[in-house]
Amino acid sequence: MARLYRSMRRIRRVEEEIARLYPTDRIKSPVHLSIGQEAVSVGLCEALRPDDVVFGTYRGHALYLAKGGDLRQMMAELYGKATGCARGKGGSMHLVDVGHGIMGTSAVVGSTIPQAVGYAYALKVRGRESVVASVFGDGAVEEGVFHESLQFAVLKSLPVLFVCENNFYAIHAPLAERQPFDNICARARSYGLPAARLEADDVLRVHERMAEAVHHIRRQRAGPQFLECRTYRWREHVGPGEDFDLGYRSREEARPWVERDSCRRLGALLEAPARARIDAAIEAEIEDAVRFAEESPFPGPEELLADLFKEA
Ligand SMILES: Cc1ncc(C[n+]2csc(CCOP(=O)(O)OP(=O)(O)O)c2C)c(N)n1
Ligand SMILES: [Mg+2]
């Protein structure tokens, strides 16, 4: 439990710190915060092994950190520095740490779903036991590539866990105005894979469900599974602030989610001194990572064309 709390709290505090620093303009990248949605990534990654891999979206800080990505390198990436995880060329939306199984996040909605499936195909061909998690938003379900990827994963019986983070909005457009039915799982099931919906407002429940799915994929080799995780984004779509003044949603709608905050509830289950020790270590780590990012150099002009093409 302490592990889960540490992971939840670390992500929450890192993103709050990003939001605090953002107006200084030292962060050179748009930021899509996961505050409120941490339970999905934490519950998932706690169920994965180090050799399992994840593919995510531009709202990817939580996934990167939960899977073990290096905080210094993430912070430096947001600052556009040469020491960043993508050498300062990707920014917040393009986090990667292959050593920890974070194969990439992308600004292009839906684009990492087929990459995850392709990776899983390669694993299967090579007879490896690892599991691939493909994390995407409710908006990605409207992309053709989502449907193509699911049906290919079923056809080839691939070891993929599809995780839809349904936060009910794509930018400012509510789900009900974009999709005729609230039936993401039914559509996934129509391709022939097991699909279930879960309320992702409790990291312990999310973790339990994720662990079952991962176990099934790894042990039974029975092909892909699908989980729709209902969650809620507390901040604006992109940027550090809130956006309840824009009129597309109300503070009343957000309130129950904020009141059920899984991070706070989990923390309350720990003894106060243990929680204080975890919190203090997180603050020290964040301070160190920000200092590292600020003191690191920007990439030089020679970096401009590096890593763009694979050398023959
Ligand atoms: C292929 C593509 N189409 C449109 C966009 C513009 N766009 C950026 S974010 C976004 C919303 C996606 O919503 P969702 O998948 O639910 O993710 P969330 O932001 O809610 O986490 C859209 C449409 C894009 N980046 N890529
Ligand atoms: Mg969404």
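Here the structure is a predicted model, which is why all the values come from computation and not from measurement. Read the numbers this way: they start at 1 and go in the same order the structure lists the ligands and their atoms.
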*Spell out, yes or no, whether Phe55 and Leu161 are grouped together once hydrophobic residues are joined by side-chain heavy atoms under 4.5 Å, including indirect joins.*
no

*Could you find the nearest protein heavy atom to atom 10 (C) of ligand 1 and give me its residue, atom name and distance?*
Ile171 CG1, 3.5 Å

*asked:* Report the atom name of the nearest N/O/S atom of Asp138 relative to the Mg ion (ligand 2).
replied: OD1

*Atoms of ligand 1 close to Ala140 [distance to a heavy atom under 4.0 angstrom, numbered from 1]*: 15 (O)

*Would you kindly say whether Ser111 and Ser106 are connected by a side-chain donor-acceptor distance under 3.5 Å?*
yes

*For the residue pair Tyr169 and Leu175, establish whether any side-chain heavy-atom pair is separated by less than 4.5 Å.*
no

_Cation-pi check for Trp257 against Arg260: NZ or CZ below 6.0 Å from the six-membered ring centre and within 45 degrees of the axis, yes or no?_
yes

_the Mg ion (ligand 2) contact by Asn167, N, O or S atom under 2.8 Å_ = yes

*Name the one of Arg197, Arg189, Arg187 that satisfies salt bridge (charged side-chain N to carboxylate O under 4.0 Å, His left out) with Glu228?*
Arg197

*Of the listed options Ser106, Ala107, Gly137, closest to atom 25 (N) of ligand 1 (non-hydrogen atoms)*: Ala107

*Any idea which atoms of ligand 1 are less than 4.0 Å away from a heavy-atom of His237?*
9 (S), 19 (O)

*Judging by distance only, is a nitrogen or oxygen of Val109 under 3.5 angstrom from one on ligand 1?*
yes

*ligand 1 N/O within reach of Tyr169 N/O, cut-off under 3.5 Å*: yes

*Between Phe136 and Phe226, what is the ring plane arrangement, given parallel below 30°, perpendicular above 60°, and tilted in between?*
tilted

*Answer yes if the side chains of Tyr232 and Asp201 hold a donor-acceptor pair under 3.5 Å, and no otherwise.*
no

*Give the atoms of ligand 1, by number and element, whose distance to some non-hydrogen atom of Val108 is under 4.0 Å.*
1 (C), 26 (N)

*Tell me: protein heavy atom nearest atom 14 (P) of ligand 1, and distance?*
Gly139 N, 3.4 Å

*Are any of the side-chain nitrogens in Arg13 or Glu17 under 4.0 Å away from the carboxylate oxygens of its partner?*
yes

*asked:* Can you check which of Phe146, Phe136, Tyr58 brings a heavy atom nearest to atom 18 (P) of ligand 1?
replied: Tyr58

*Could you list which atoms of ligand 1 come closer than 4.0 Å to a heavy atom of Arg59?*
18 (P), 19 (O), 21 (O)

*Between Glu143 and ligand 1, find which residue part has any heavy-atom pair under 4.0 Å and reply side chain, backbone, both or neither.*
side chain

_Proximity to ligand 1 by part of Asn167, non-hydrogen separation under 4.0 Å_ = side chain

*asked:* A quick test of your reading: do over 12 heavy atoms of other residues, nucleotides or ligands sit less than 6.0 Å from CD of Glu302?
replied: yes

